[in-house]
Student: 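Structure in structure tokens, see below.
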2 protein chains.
Amino acid sequence: MVMRKDSRLSRVLHVLVHMDQLDGPATSDTIARMLNTNPVVVRRTMALLKTEGYVTSVKGHGGGWSLARPLSAITLYDVHRALGEGSVFTIGLTDEHTDCPIEQAVNGAIDDVLEEAESLLLARFRDVTLDRLQFRSRSEKVSNSG
Amino acid sequence: MVMRKDSRLSRVLHVLVHMDQLDGPATSDTIARMLNTNPVVVRRTMALLKTEGYVTSVKGHGGGWSLARPLSAITLYDVHRALGEGSVFTIGLTDEHTDCPIEQAVNGAIDDVLEEAESLLLARFRDVTLDRLQFRSRSEKVSNSG
DNA sequence: TTATCATGTAACTTTTAATGTTTCATGTAT
DNA sequence: ATACATGAAACATTAAAAGTTACATGATAA
């Protein structure tokens, strides 16, 4: 039941935007150095994106990872979902006295709130395509109408 | 950087509502048995609530933990805050290339969304007082107007 | 005033899943 | 063939919450 404060989304997005600016494929070693991590972790993570069709991989000389779609056709939601994380919340519910009406009430109340907040979060993620992360300045806000 | 899927909020709320139905104080041992945990963990957690004035503790014979306020004067937000958790999200941001405009853009976009979702979540938590968890049936939803 | 009970707290161990690492198999280009 | 790069299995490391042990402090009751 332990989960890291997961910065994979942030790191993967960072990589994907950089990849768009490269000519050829990026190797797992190159990406690992970018992210201060190691190639196997990179392969594990990129494999999830490959399954969903966001990147491709080529073996051998001159191989590596490439975008399978333009950044404008990938959203924050797509990447988040591909990474396959469960709940986005650190807050969890108990499941020990499922017959206790108080536990049911407590969990129900918390769950209502978590579901609403998660729905909002995912909706916002769906609104942001990765091409919008290329030139965004520090103070600029991502809005729905833009 | 590891954090458990934290069910402390759910567990503590469960306890607080039960405490309201008791005559005298509840000991750490009693509460620990309720939660399938141990007394020291209970004391650590209850100490956080005591600091914020939501419960009191009495030592010695007949001692234990009691509510310092009626349930109607404690919100989900109060308890959540007292437990002193950091972010409610498992999603975190990188902080390794703070000079890279792409990382800034990525983190900015994610952070905008997280902040909005967290604001909503906390606002909803503020709307729910613990007395509303006493009789809530399974299908009943907590609404703002009710 | 002594025994018992209960919180307060420090120090240490356990747990657990992501991450890191090693190693080798598989496939590809030169 | 050789070098390069992904694919993947197996194992070690890490880090923070939770569990545990031990003892000090304070309060009640006999």
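By convention in this document, chain letters (A, B, ...) are assigned in the order of the sequence lines, proteins followed by strands, and residues within each chain are numbered from 1. Since the model is a prediction, treat every value here as computed from it, not as a measurement.
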Student: In terms of the nearest nucleotide of DNA chain C, which residue is placed more toward the 5' end: B/Pro39 or A/Val41?
Tutor: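 Its nearest nucleotide lies further toward 5', so the answer is B/Pro39.
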Student: Mark up nucleotides 22-30 of chain C, 5' to 3', with B wherever a protein heavy atom is under 4.0 angstrom from a base atom, S wherever such an atom reaches only the sugar-phosphate, and - elsewhere.
Tutor: B---BBBB-
Student: Tell me: CZ of A/Arg8 to P of C/dA17, nearest whole Å?
Tutor: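 Between P of C/dA17 and CZ of A/Arg8: 14 Å.
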Student: Of all of residues 10-21 of chain A, which get a heavy atom below 4.0 angstrom from DNA chain D, listed by number?
Tutor: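 Of all residues in residues 10-21 of chain A, none places a heavy atom under 4.0 Å from DNA chain D.
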Student: Is the shortest heavy-atom distance from the side chain of B/Phe125 to the side chain of A/Ile91 under 4.5 Å?
Tutor: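 B/Phe125 vs A/Ile91: side chains touch.
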Student: With a cut-off of less than 4.0 Å, is there a side-chain N or O of A/Ser57 near OP1 or OP2 of D/dG7?
Tutor: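 Yes, such a contact exists.
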Student: Are B/Trp65 and B/Thr56 close enough that a side-chain donor and a side-chain acceptor fall under 3.5 Å?
Tutor: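 The answer is no; no qualifying pair exists.
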Student: What integer distance in Å separates B/Asn36:CG from D/dT20:P?
Tutor: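 Rounded to the whole Å, the gap is 11 Å.
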Student: Do any pairs count as a ring pair (Phe, Tyr, Trp, His ring centres under 6.0 Å) and have a residue in residues 23-45 of chain A, sequence neighbours left out, and if so which ones?
Tutor: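 As it turns out, there is no ring pair (Phe, Tyr, Trp, His ring centres under 6.0 Å) pair with a partner in residues 23-45 of chain A once direct neighbours are skipped.
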Student: Would you say A/Glu118 and A/Glu115 make side-chain contact, with heavy atoms under 4.5 Å?
Tutor: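 Side-chain contact under 4.5 Å: no.
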Student: For A/Ser28 and D/dT6, is the shortest distance between a side-chain N/O and OP1 or OP2 below 4.0 Å?
Tutor: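 The answer is yes; a side-chain N or O of A/Ser28 sits under 4.0 Å from OP1 or OP2.
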Student: To the nearest Å, how far apart are A/Ile31 CD1 and C/dT19 P?
Tutor: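 My rounded result for the distance is 16 Å.
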Student: So if I apply the side chain to side chain contact (heavy atoms under 4.5 Å, CB included) rule between A/Val40 and each of A/Asn38, A/Thr37, A/Val42, which one comes out positive?
Tutor: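 It is A/Asn38, the one option of A/Asn38, A/Thr37, A/Val42 that forms the side chain to side chain contact (heavy atoms under 4.5 Å, CB included) with A/Val40.
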Student: B/Leu83 and B/Val12: which non-hydrogen atoms are nearest, and at how many Å?
Tutor: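 For B/Leu83 and B/Val12, the tightest heavy-atom pair comes out as CD2-CG2, 4.3 Å.
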Student: Would you tabulate the side-chain donor-acceptor contacts of residues 67-82 of chain B under 3.5 Å, counting partners in other chains and residues two or more places apart, or write 'none'?
Tutor:
unit_1, atom_1, unit_2, atom_2, d
B/Arg69, NH1, B/Ala73, O, 3.1
B/Thr75, OG1, B/Tyr77, N, 3.3
B/Thr75, OG1, B/Asp78, N, 3.0
B/Thr75, OG1, B/Asp78, OD1, 3.4
B/Thr75, OG1, B/Asp78, OD2, 3.1
B/Tyr77, OH, B/Arg81, NE, 3.4
B/Asp78, OD2, B/Thr75, N, 2.9

Student: If the cut-off is 4.0 Å, is A/Thr27 near the phosphate of D/dT6, judged by side-chain N/O to OP1 or OP2?
Tutor: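 No.
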Student: Not counting sequence neighbours, which residues clear side chain to side chain donor-acceptor pair (under 3.5 Å) with B/Glu52? List them please.
Tutor: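 Applying side chain to side chain donor-acceptor pair (under 3.5 Å) to B/Glu52 gives none.
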Student: Sequence neighbours left out, what passes side chain to side chain contact (heavy atoms under 4.5 Å, CB included) with B/Val58? Give chain and number order.
Tutor: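 Result, side chain to side chain contact (heavy atoms under 4.5 Å, CB included) vs B/Val58: none returned.
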Student: For D/dA17 and B/Arg44 - does any side-chain N or O of the residue sit under 4.0 Å from the phosphate oxygens OP1/OP2?
Tutor: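 Answer is no, no contact under 4.0 Å.
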Student: Whole-Å distance between C/dA18 P and A/Leu48 CG?
Tutor: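 From A/Leu48 CG to C/dA18 P: 11 Å.
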